[in-house]
Amino acid sequence: MQPQSHETRVDILKGLNDAQQRAVTTTDGPVLIVAGPGSGKTRVLTHRVAYLIEEHGVSPWHILAVTFTNKAARQMYDRLERLVGDDARKLTVGTFHATCVKILRRNAHLIGIDPRFTIYDDADQLEVVRRTLKDENLDPKHFAPRPILSRISAAKSRFIGPDEFAQQTGSYWEEVVARIYPRYRDVLRQNRALDFDDLLGEALRLFDEQPEVLERYQDFYRYTLVDEYQDTNHVQYRLVKALSEGRRNICVVGDPDQSIYGWRQADIRNILEFKRDYPDAVEIHLELNYRSTSSIVSAADNVIRANRQRIERELRTENDLGEKIRIHEAYDETQEASFVVNEIRRLVSSGEVRFQDCAIMYRTNAQSRALEEAFVRSELPYQIVGGTRFYDRREIKDAMSILRLIANPQDAISLMRVLSNTQLGKGIGARTLDLLNGWAALHERSLFDAIASAAGQSHLPPPEVNNRAANLLHAVHQTIQRLIDQSAQVQLSKLFDIAIEETGFAQQFRESGDPEMIERWENVLQLRGVLTGYDDLREDIALETFLEESTLVAGQDSMEDGENQVTLITLHAAKGLEFPVVFLIGAEEGILPHSRSMESENEVEEERRLFYVGITRAMNRLYISYAFRRAMFGQSDLSFRSRFIDSIPRDVIDAPTAETARSSGGTTRGPRSYGQQTATPPTPVSEVPDLKPGQRVFHSRFGDGTVLEVQERSGDQDVTVQFKRHGTKRLLASMANLIVD
DNA sequence: TTGGCACCACTTTTT
DNA sequence: GTGGTGCCAA
């Protein structure tokens, strides 16, 4: 046997524990694998696929594996390539969305959808809602677009269309949504666009309405594996169910404790009730953690146990105790960032770890700013994963909208963007656009058709624009048409060059000496660099392929492995990853748990799971930090450490400061020392203490409070105190008899 | 019609 | 500290 050839059965099972082996070899019928963090889930999944191929002679093209991110898919390919060789390439491994796009591109015409659809991302969707609100004469101040979109998306995630939605509105606000929803759908249809929810929903509709198509896919994908099953929504659940009907060779893997996408309509019941749908399902639990030290596992286990809505189970490890968990209070977010940076510098210079072993995790993207500044100042290498993504930058969006317009001129959102952000739209103002949009609505045609008509390129009566506008529109139409004509003939990067010249997009950068514009231009060039990667593809599919891939990238997908740099990442995006050293920052009430989640117990429990996910990313060292005061909206406010920290057992914490922490009325307060400031020495009660902003004080009548402001006043102090129960008071220090806490 | 300026509300998390 | 919106003057 050659060393390169496939591993034998024995090899496939070698090194796996009993539960893992069962998870790999139980291949007849439905299987539910509940896999705790670090329990070798990915290993089990890949080995299971290899086992199917090697031991059961299943053809790899009959296997469908659905992952949460493209990165996870790629990782799975790579591992399988090592296990089964070239056969790996015949597998279908991808995200739900990517898989559905493929299915729809082939079959959407069967359910009345143009397969050349554009995919609308979150920003596009919001724009459609905004415009629809405007058309309906609703004030976006009173009816915020974001919640409306979320509600529509929630409905779509449960396969509820506009008509059904209208039947079950429970409030005036929902009635407004019910008015917007059908119009939203019509705009997308008009623009030949599908949003993220449609990719799943229309695929499901295809299966519903075209049983023979479903049968074909059922026959094709005979074995289905779904990773991160706890994060699937109702439509995804039904897709999986439909595909695996009949053969029932379905294997789902997940962990209810790591369900963190409830807000995206992930339905935890999918995993909890799997056995109701498949009564004969075999349930296998992987609970032995191979990833983390036992200190970290103990912290994680205790944190998650505090959740009430949970299936009781235990996370175990045979690993050593390792380093204790460090909990650090910083003065503010700047100090917090320096603490992290200094600590990383210290660890790396001791030779113990490399930069790439370290990750910093936070609840909200905004928190990355202070970190980034600290990293730039310290000149340590770092990467921000996700966050303000490359494709979210203004200039990139503008450049992309040109490409999207070429791929789909019906896409009015992109067209509007091009008109308002490139020289092409110069001279075409609100009045003209109103006329064009009115014409489009009247004739039920697209905005592009309206322009064509105004340019005399249509048999329909043209919109009543003035001569000057008509001339401009004629030029616009010609330019776009010319670009469309070229798109199937030149390489993608070449097309891009032509497009940014002809639309005058490039011009604005070249003329400006502004350093900010130069930086933006460099980003545009970077985008061009990405495009050259598609130059080898056939000209007629390169553009479409690029647009599709760039829309469906997940935050994690942009992560660079192998570079020696620190990773900055949100807790959500960090799911599924592991790092030897993890800094979990911003462990404060209002951030983690997030203030928007604090009203509902369900949501606080989800926040706790998020905290749990963060902890369990760490292999050897875990730092948890919080700030005493934190700037939000540019203003600095006081913070209190997160209640979640209290669930971590003392004996795994290495933080002298944590010893002094105690609870008061549900909110836990931090210890006395603030970051690099030294602790205030205990003040004798009899003296009038020297007060400083930030100090915790006690007043005999008003109770606990915090000093906000101090004004010196001829030997006395005029202090403003924020009391916990009695609001803000101004007091004279000599009279108030404040006791420094 | 455009561009500049002032004001505003906002920031969860993402395929 | 940001980005989007609205008003005004040219």
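Note on naming: letters A, B, ... go to the chains in the order of the sequence lines (proteins, then strands), and numbering restarts at 1 for each one.
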Cation-pi geometry met for A/Arg158 and A/Phe165 (6.0 Å, 45°): no
Rounded to whole Å, please give me the gap between [atom1] in [X] and [atom2] in [N].
{"X": "A/Ile384", "N": "B/dT14", "atom1": "CD1", "atom2": "P", "value": "13 Å"}
{"X": "A/Tyr261", "N": "B/dT15", "atom1": "OH", "atom2": "C1'", "value": "8 Å"}
{"X": "A/Ile569", "N": "B/dT14", "atom1": "CD1", "atom2": "P", "value": "9 Å"}
{"X": "A/Arg630", "N": "B/dT12", "atom1": "CZ", "atom2": "C1'", "value": "14 Å"}
{"X": "A/Ile260", "N": "B/dT12", "atom1": "CD1", "atom2": "P", "value": "17 Å"}
{"X": "A/His572", "N": "B/dT15", "atom1": "NE2", "atom2": "C1'", "value": "13 Å"}

Backbone N/O of A/Leu149 and side chain of A/Ser153: donor-acceptor pair under 3.5 Å: no
A/Ala374 backbone acceptor or donor facing A/Ser378 side chain under 3.5 Å: yes
More than 12 heavy atoms of other groups within 6.0 Å of A/Arg394 CZ: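 Not more than 12 within 6.0 Å, no.
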Positional range of nucleotides in DNA chain C within the contact set of chain A, heavy-atom, under 4.0 Å: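 Both ends considered, the range comes out as C/dG1 to C/dT5.
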First of A/Glu373 and A/Arg130 reached from the 5' end of DNA chain C, by closest nucleotide: A/Glu373
Looking only at the side chains, is there a donor atom on one of [X] and [Y] sitting less than 3.5 Å from an acceptor on the other?
{"X": "A/Tyr612", "Y": "A/Gln258", "answer": "no"}
{"X": "A/Gln367", "Y": "A/Thr364", "answer": "yes"}
{"X": "A/Thr232", "Y": "A/Asn270", "answer": "yes"}
{"X": "A/Ser639", "Y": "A/Glu588", "answer": "yes"}
{"X": "A/Asp255", "Y": "A/Gln230", "answer": "no"}

Stems involving DNA chain B, each a run of at least 3 consecutive Watson-Crick or G-U pairs under 3.5 Å: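 Ordered by first number, the stems with DNA chain B (at least 3 consecutive pairs each) read B:1-9 with C:2-10.
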Base versus backbone protein contacts along nucleotides 1-11 of chain B [heavy-atom cut-off under 4.0 Å; B, S, -]: SSS------BB
Single hit among A/Glu333, A/Arg629, A/Arg630 for side chain to side chain donor-acceptor pair (under 3.5 Å) with A/Ser636: A/Arg629
N or O in side chain of A/Asn70 less than 4.0 angstrom from B/dT15 OP1/OP2: no
Under-4.0 Å side-chain N/O to phosphate OP1/OP2 contact, A/Thr570 with B/dT14: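 For B/dT14, OP1/OP2 do have a side-chain N/O of A/Thr570 under 4.0 Å.
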Sugar-phosphate only, base, or nothing, as touched by A/Phe96 at under 4.0 Å among non-hydrogen atoms: nothing
C/dG4 to B/dT13 separation - P atoms, rounded to the nearest Å: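 So the two P atoms sit 16 Å from each other.
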Ring-ring centroid check A/Phe68 A/Tyr261, cutoff 6.0 Å: yes
Residue mapping more 5' on DNA chain B - nearest nucleotide basis, A/Glu607 or A/Gln125: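 The residue mapped nearer the 5' terminus is A/Glu607.
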Steps toward side-chain hydrogen bond (donor to acceptor under 3.5 Å, both in side chains) verdict (A/Tyr120, A/Asp198): CA-CA 10 Å; A/Tyr120 271 8; A/Asp198 290 335; over 6 Å; no
Stacking of A/Phe68 on B/dT15 base (centres under 5.5 Å, planes under 30°): no
